[in-house]
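All values below come from the heavy atoms of this structure, side chains included, with hydrogens, waters and symmetry mates left out. By convention in this document, chain letters (A, B, ...) are assigned in the order of the sequence lines, proteins followed by strands, and residues within each chain are numbered from 1.
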2 protein chains.
Amino acid sequence: MRDDSRRSMVRAAAMLFQERGYAATSFQDVIARSGAPRGSIYHHFPGGKQELAIEALRWYSDRTAALMRQKTQEGTAIEAVAGFLAISREALRKSDFRAGCPVAGVALDLADNDEALQAAVAEAFEEWRRVLAAAFERDGATPAKARRLAAFVYASLEGALMLARAHRDLRPMDDVITELLDHLERVSGSK
Amino acid sequence: MRDDSRRSMVRAAAMLFQERGYAATSFQDVIARSGAPRGSIYHHFPGGKQELAIEALRWYSDRTAALMRQKTQEGTAIEAVAGFLAISREALRKSDFRAGCPVAGVALDLADNDEALQAAVAEAFEEWRRVLAAAFERDGATPAKARRLAAFVYASLEGALMLARAHRDLRPMDDVITELLDHLERVSGSK
DNA sequence: GTCTATACGAAGATAGAC
DNA sequence: GTCTATCTTCGTATAGAC
């Protein structure tokens, strides 16, 4: 297919970022993982590593937002969160604790420069938060409460992934899932 | 003082890890930040970058655990969490969103090798969790509930720092603080 | 669109003088 | 304990052929 190697590079970059972060990922790693030809990197990404990273974040962010959006359409906001957490947990387990979050892997590697990448990171988080906040609001929460809950969900999830990966143990993830869902159910009465 | 340059390197490394992560931090950065002499790196840290990182994590981890331990002795577990979150928030604000968590900055940069560093990361998280879980238990929670709440607190905090830094905005941090403390107070009745 | 060759700098690390 | 010099490897990036 046309542009196949380009897309495979974007996907491989996202995978590598979630495993070892942005700074620790080299083009060689991306080539090796994707199987894409070495000579076409700068043909597809004239902006180099930064451009590849921005595309990888966009690709992953949109894909993830679409998944969450779908879940919010199939049920309540709480059910969507529960389903999403289950998927994240399963991905972590099946990957032997390699599958974290590529956005997080980039976010913590950025120094003060690199504003374009920083913007891509912020936009990813913001897109996710928007989708979920809309569902909480639809289910009766005030706009402010919906925003807080959505931020809380993604913060907890990112932290849970970090802890579980560090321990190579699902328990921190399970603990966070238990407490987070408990909180969401408790507050669903007091919007 | 003796060992002054060594300690300054450890502190500088911790600062840099929280700003830009492990992989993006070079010895040059550590030298520049600490003001320590260039020629003595491998005198103080024969194990190179990994050894420096392990020491930096230990130093920061113990320091942070001691702070949390002190707070749990001055008041309830919930008060300790509230105080700790306030300190983290203030550090973030005063540093213009540079002060994240060095343990997180290392955690997400590790590939599958580097088991020694991985162990140092896990031990840091585990030490923090232990201190806080003990306080929740002292305040009446069951051991299992105390463990879950402590994990939830640190996961939320790590995620909140990540989101706030990405947006260069304190609101995600404030949102998480609001919801997390709300949850802790709600469940403090049903241990 | 992909190849090879290569420039260029920066990284981690070592050796030996002082 | 610190310096300078150096080695080696690896990184991003470019140029030009095919």
Selection from D/dT12, D/dT2, C/dA11 that lies nearest to any side-chain heavy atom of A/Arg38
D/dT12
Phosphate contact (C/dA10 OP1 or OP2) by B/Gln28 side-chain N/O below 4.0 Å
no
From NE2 of B/His44 over to C1' of D/dC3, roughly how many Å is that when rounded to an integer?
13 Å
Please figure out whether A/Asp29 or A/Gly39 has its closest DNA chain D nucleotide nearer the 5' end.
A/Asp29
Determine the sole option in A/Val176, A/Leu180, A/Asp174 for which the side chain to side chain contact (heavy atoms under 4.5 Å, CB included) test with A/Leu85 is passed.
A/Leu180
Nearest to the A/Ser5 side chain among C/dT2, D/dG11, D/dG1, which nucleotide is it?
C/dT2
If you compare every side-chain N and O of A/Ser40 against the phosphate oxygens of C/dG1 (OP1, OP2), does one of them come in below 4.0 Å?
no
Is the phosphate of C/dA10 approached by B/Ser26 (side-chain N or O, under 4.0 Å from OP1 or OP2)?
no
Proximity to the side chain of A/Tyr42 - top-ranked nucleotide from D/dT2, D/dA13, C/dA11:
D/dA13
Would B/His183 and B/Phe152 count as a close aromatic pair, with their ring centres under 6.0 Å?
yes
Between P of C/dG1 and CZ of A/Phe45, the distance in whole Å:
12 Å
For B/Leu52 and C/dA11, give me the distance from atom CG to atom P, rounded to whole Å.
15 Å
Selection from D/dG1, D/dC3, C/dG1 that lies nearest to any side-chain heavy atom of A/His43:
C/dG1
Whole-Å distance, A/Ile31 CD1 to C/dT4 C1', equals 15 Å
Testing C/dT2, D/dA13, D/dT2 for proximity to the side chain of A/Phe27, the answer is D/dA13
Do B/Arg58 and B/Glu55 sit within salt-bridge range, that is, some charged N less than 4.0 Å from a carboxylate O?
no
Any Lys/Arg nitrogen of B/Arg129 or B/Glu126 sitting under 4.0 Å from an Asp/Glu carboxylate oxygen of the other?
yes
Whole angstrom is fine here: how far is it from CZ in B/Arg7 over to P in D/dG1?
14 Å
For the side chain of B/Lys49, counting heavy atoms from C-beta on, which of D/dT12, C/dG12, C/dT2 is nearest?
C/dG12
So does A/Glu74 have more than 12 non-hydrogen atoms from other groups sitting under 6.0 Å from CD?
yes
